[in-house]
Amino acid sequence: MRYFLRRYQSGEGSQAASPEEAFALAIAWAWLRVLEQKYPELPQVRAGYWEEELAALQGVEEERRALARTIIGLKVRELGREGLQYNRLGNLVSYRELGKELRKKRRRLPLKQLLAQQGEALFRLLPAWLCSPHAALTLFQGEGAGGNASPFDLIIFDESSQIPTAEAFPLLELGRQFVVVGDRQQLKPYTLFRKHYAEAAIHTEESWLFWAGLYLPDHMLLGHYRARHEALIAFSNAHFYGGRLRILPDRATFTAEASPFHYQLVEGTYAAGENVREAEALVAYLLQQPAIWREKQVGILALNQAQSQLLFRLLWEAFSGQIPAGWQVRHLQEVQGEEYDFVCISTVYARSAKGYFPSSMGWISLPGGAQRVNVLASRAREHVAVFTGIEAHLIGPGMRENDGVRLLLAFLEQAKSFRRRLRPEEKEGVALGYDPLRAQTCAHVAGAQVFPFGSLVDIALTRADGTFTGELVLRDRQDWLLGPRLLGPFVYDVAYVRARGWKERWCLSPSLFPGRPKV
C-alpha cells in the first residue's frame, strides 16, 4: 500500500502502469479514508496543531530522563543505607571495619584481600565497577567479592573487538546478564609484548566481539556523534559502514571558512623507523597554530612507535618540557577509543637515502591493516592535518593489493583533494537515492534546497545567494516505518539537530498532498 501511495504522490500514479496498479491504489486510498474516519485526529496533522503536541512530547521525554537519573541516584543511596546496624549507644557499626581500613596511611590491605573481607559492604557502597577483564578475573573470582559467585547483575564488555575470548569467557560466571559492545571494523586483540615474528598471528585472532556475535542479537548504532564536519567521517562511512551512519555536521564548523583537512607533502627520508623532516614539519605546523589549540585536545599520531617517540622529543624541546596538558602523542596501536578536537598524522614512510621506498608499511601491511586505517581516520572532531611522504606512484603493484595500504592511499587522496561544499549545487557525485517526496518538499517550502547531510537530513533552507540560513527541514521518511518507536525522529533527532547548532522546520507529507483521488 505504501508503495502505491508514494507512486501516486510522486506523480507516477496518475498514469498507472496496469489496471492492477490502479485497483491497488484505489484500495489504498479507500483504506486510508476508513482510518481517518475512525481516528479523526489523523487528518488534523495538516492543520499544524501537531507542533504543540510535538513540543509537549519533547518536554515529557526530557522530564522522564531527569526523573530516571534522580531515581537511580536515590536507589544507589538506599542500597548503601539498607540494613544498617547500630550498637546500644546508637553508633553505626556496619561500615566500621571498612572505615578503619580506608583511613589507614600505610599497611593497607590489597584490594583483593579487602574484597574478601569486606566485599558485601563495598558492593553496597560501590555497585558499579570499572576495570579490565584481567583485573576483574583477579579481583572477583574465588574469595573475591565476599564469596559471592555472581556479584554483578550486569556485565558490559566495552571495546570488545580488542578483548581476547580467553579473557572474556570466564567473566560470564560473575554476572547474570551481559552486553557486548564493540566495532568489528576496528582493531582486533593486540598484545604489546609479543615478539615481532608473532605479530601476524596476534592480529588474525578473533575477538570476543566476533564469537559473541555468532550467538547474540546484533544491533548497529547508526548515530555518529564525534565528527563536527561530515567530511571527517565520510571516509570511514563509505569504506567500512556502507554509508549507513547518521551524520549531521556542526553548524559552526560546517559554515566556517577553514577546511577540515590540511595536507602537506614532505620530501623526507625514512631511516631506522623515523622520518625526521616529516616530524619537524608537523611540529612546526603545531607551533604556528593559534593559542586556542593549546587549550584543546590534540592527538599527534604516528604509524609506528619510533616516529611517535621522535615527535614527543621534538615537542618536549619546542615547549621546554611544558607540552599542553590536552596534547597526546600516540602511535597507531594506542589510539582506539580516543578522540581529539584536532588530529595531526605523520605517516612516517618515505623513500630511503638511496631512493627506495620500503617494501612494507609496518602495522598497515599486516593483517588487520584496513581496520587500523579506519581507527586512524575517525579520531577527529574538528580538524585533521596529514603530513606524508607517501605518493601512489611510489607504491609497487604488490603492495597496492594489500587492503591496509590501498585504504591508506584512499584516505590520503581524500585529505589532499577535499573541496569544501557550502552551496547546495556543489554536490557532484553524491547519490541520495530515490525519494519521491524530496522534490515536492523543496517545491512546497520556500528556499528549500537538497544538500547531503547524511541520512538524517537532506534538505536545508538557503538564502537568495545560496548560503545557509541555519535551518533544516525535517520530514517523514521511510525509516520511521521500520523503527520501533517514534521517539527517535520526533524527540532524539530534534535534540541532535539543536545540539549541533541548527534550527528545525517540519514538513510532513500529508501537507504536500491535501487532495484525495476519487474512489
Side-chain angles (χ1 to χ4, degrees), residues 224-236 247-268 273-348 372-389 411-412 414-416 418 420 422 499-501:
H224 179 77
Y225 67 92
R226 179 180 298 141
R228 296 175 184 168
H229 195 295
E230 86 286 359
L232 295 176
I233 196 62
F235 175 83
S236 295
I247 306 167
L248 182 66
D250 180 80
R251 180 188 174 191
T253 304
F254 185 80
T255 56
E257 291 297 325
S259 169
F261 286 103
H262 171 82
Y263 176 88
Q264 184 172 338
L265 183 64
V266 182
E267 296 293 335
E274 297 179 348
N275 189 328
V276 178
R277 291 191 61 183
E278 192 172 289
E280 291 174 344
L282 191 155
V283 173
Y285 175 79
L286 287 172
L287 295 176
Q288 295 170 3
Q289 299 311 309
I292 188 65
W293 277 51
R294 304 188 184 186
E295 301 174 5
K296 297 281 189 173
Q297 291 181 314
V298 179
I300 299 99
L301 313 182
L303 295 194
N304 63 15
Q305 188 173 12
Q307 186 77 352
S308 68
Q309 293 172 347
L310 172 62
L311 286 166
F312 183 83
R313 291 197 301 270
L314 294 177
L315 285 170
W316 185 270
E317 295 170 1
F319 287 96
S320 302
Q322 300 295 322
I323 300 176
W327 292 22
Q328 292 183 350
V329 183
R330 296 284 188 268
H331 65 83
L332 184 56
Q333 290 296 134
E334 296 178 320
V335 297
Q336 179 164 322
E338 301 288 348
E339 57 182 72
Y340 308 96
D341 296 311
F342 310 113
V343 169
C344 296
I345 299 173
S346 172
T347 61
V348 187
R372 296 184 183 92
V373 176
N374 181 30
V375 172
L376 185 71
S378 58
R379 299 301 97 196
R381 299 190 190 101
E382 299 181 24
H383 183 78
V384 172
V386 178
F387 299 83
T388 183
F411 173 67
L412 295 178
Q414 174 187 317
K416 178 181 178 181
F418 175 78
R420 296 172 71 244
L422 286 182
R500 291 286 182 163

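The shown structure was predicted, so the numbers you read here are calculated from the model rather than taken from an experiment.
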Distance-only donor-acceptor pairs under 3.5 Å for side chains of residues 308-324, two or more places apart:
{"residue": "Ser308", "atom": "OG", "partner": "Gln305", "partner atom": "O", "Å": "2.6"}
{"residue": "Arg313", "atom": "NH2", "partner": "Glu274", "partner atom": "OE2", "Å": "3.4"}

How many angstroms lie between [atom1] in [X] and [atom2] in [Y], if you round to the nearest 0.5 Å?
X: Leu232; Y: Ile247; atom1: CG; atom2: CD1; result: 10.0 Å
X: Leu282; Y: Ser346; atom1: CG; atom2: OG; result: 6.0 Å
X: Ile300; Y: Arg330; atom1: CD1; atom2: CZ; result: 9.5 Å
X: Ser259; Y: His229; atom1: OG; atom2: NE2; result: 7.0 Å
X: Tyr340; Y: Arg226; atom1: OH; atom2: CZ; result: 10.0 Å

Does a side-chain heavy-atom distance below 4.5 Å link [X] with [Y]?
X: Phe411; Y: Ile345; answer: yes
X: Ser378; Y: Ile233; answer: yes
X: Phe235; Y: Asn374; answer: no
X: Phe261; Y: Lys416; answer: no
X: Glu382; Y: Lys296; answer: yes

Please tabulate, for side-chain N and O atoms in residues 284-294, each donor-acceptor pair with protein atoms closer than 3.5 Å (sequence neighbours left out).
{"residue": "Tyr285", "atom": "OH", "partner": "His383", "partner atom": "NE2", "Å": "3.0"}
{"residue": "Gln289", "atom": "NE2", "partner": "Tyr285", "partner atom": "O", "Å": "3.0"}

N/O donor-acceptor pair under 3.5 Å between [X] side chain and [Y] backbone:
X: Asp341; Y: Arg381; value: no
X: Glu278; Y: Gly389; value: yes
X: Asn304; Y: Val348; value: no

Over all heavy atoms of both residues, which pair between [X] and [Y] is shortest? Give the atoms and the distance, please.
X: Pro249; Y: Arg500; result: O-CB, 3.9 Å
X: Glu334; Y: Glu338; result: O-CG, 4.1 Å
X: Ala306; Y: Gly273; result: CB-O, 3.5 Å
X: Gln307; Y: Asn275; result: OE1-N, 2.9 Å

Partner residues of Arg277 under the salt bridge (Lys or Arg N to Asp or Glu O under 4.0 Å) criterion, sequence neighbours left out: none

